[in-house]
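Only one structure is covered here, and it is reproduced in the block below.
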Amino acid sequence: MRTDHLAGTSIPRFTYDTPSSPGNDFYALCAGDKPLAMIFLPAFSHPITRAYITRYLKTMDDLHGVRLACVVRSSARQVAGALEGRGLPFTVICDEPGVLYSFMGVETAGLLNWSFEAQKILRSAQARGQRYDRKAPQLLPLTLVVGPEGSILFTHYGRNLTDMPGDCGEIYSLCDEVCELTGRPAPASSSAPRPARPSLHSDETLTLPDLAGDLTGAPGEEDAISKLFD
């Protein structure tokens, strides 16, 4: 299903697990006027995931009128163990088998997809003794903006390992621009709301498997996950 022209199509209704609760309704997540930004990341323990989740946590105040969901290639149990029972101020969709990744056509990186930023983050992780599987395929990121009933308003398939919004300010700016272009209510409270265009979708709910058919990289910085709540 890999394509850069998914705007105007819809993601089928499915259920997903978070670190704290199983079987959540995806259509409930994206209901309402607030746009949903979905960032597809590697496993929760991956240095790039740690770096970007930390950046999002540090800039949550810039996420005005926008919801955020990070999709990770980890089980809910693995993420819950890393968080040690503590919550995050945004949704984490746990997709260890990679069903959503396959459905959306997320690709693996080649030698030309390694950005300087990715190399810096990974070198910093190595310097801190953080382990990750260097031999495993590295996933390219995917950024979506989604409306009610899974309607896809925007897609961006990353051209390198860090080609995604760098903080919540960038996520907000992206969603604001997408809403303006698609005639949806703007996420900024200072902007006059625009009527959303109606759309019709199936009410069928699938399970996730059914879809298959401030880190800068400087040495010595604190571990991004273990210090999230300090």
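Along the sequence shown, residues carry numbers from 1. In what follows, every heavy atom counts, from backbone to side chain, and hydrogens, waters and symmetry copies are set aside.
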Worksheet item: For Ser115, which residues count as a side-chain hydrogen bond (donor to acceptor under 3.5 Å, both in side chains) partner, sequence neighbours excluded?
Response: Thr162
Worksheet item: Sequence neighbours excluded, which residues qualify as ring pair (Phe, Tyr, Trp, His ring centres under 6.0 Å) partners of Phe90?
Response: none
Discussion item. Testing the basics here: between Val66 and Pro187, what is the closest heavy-atom pair and its distance to 0.1 Å?
Written reply: CG2-CB, 3.5 Å
Fill in: Parallel, tilted or perpendicular: ring planes of Tyr101 versus Phe40, cut at 30 and 60 degrees
perpendicular
Item to complete: Work out which heavy atom in Ser74 is nearest to a heavy atom in Val79; give both atom names and the distance.
Response: CB-CG2, 3.8 Å
Practice prompt. Return the minimal non-hydrogen interatomic distance between Arg50 and Ser45, and the atom names on each side.
Written response: NE-O, 3.2 Å
Worksheet item: About how many Å separate CZ of Phe116 and CG of Leu161, when rounded to the nearest 0.5 Å?
Response: 13.0 Å
Fill in: Stepwise salt bridge (Lys or Arg N to Asp or Glu O under 4.0 Å) test for Asp95 and Arg73
CA-CA 5 Å; Asp95 181 20; Arg73 282 292 304 267; 5.6 Å; no
Worksheet, complete the sentence: The side chain to side chain contact (heavy atoms under 4.5 Å, CB included) partners of Ala125 (sequence neighbours excluded) come to Pro47, Arg128, Gln130
Discussion item. Please give me the minimum heavy-atom distance between Ile53 and Cys70, naming the atom from each residue.
Written reply: CG1-SG, 4.5 Å
Item to complete: Please identify each residue that fulfils side-chain hydrogen bond (donor to acceptor under 3.5 Å, both in side chains) with Asp62, with sequence neighbours left out.
Response: none
Discussion item. Measuring from atom CE of Met38 to atom CD1 of Ile152, what distance do you get when rounded to the nearest 0.5 angstrom?
Written reply: 9.0 Å
Worksheet item: Considering residues at least two apart in sequence or located in another chain, which fulfil the side chain to side chain contact (heavy atoms under 4.5 Å, CB included) criterion with Glu96?
Response: Ser75, Gln78
Worksheet, complete the sentence: Ala109 and Leu140 have their tightest heavy-atom pair at CB-CD2, 3.9 Å
Worksheet item: With sequence neighbours excluded, what pairs up with Tyr56 under the ring pair (Phe, Tyr, Trp, His ring centres under 6.0 Å) test?
Response: none
Worksheet entry | From CD1 (Ile11) to CG (Leu144), nearest 0.5 Å | 5.5 Å
Worksheet item: Looking just at side-chain N and O atoms, do His64 and Asp176 make a donor-acceptor pair shorter than 3.5 Å?
Response: no
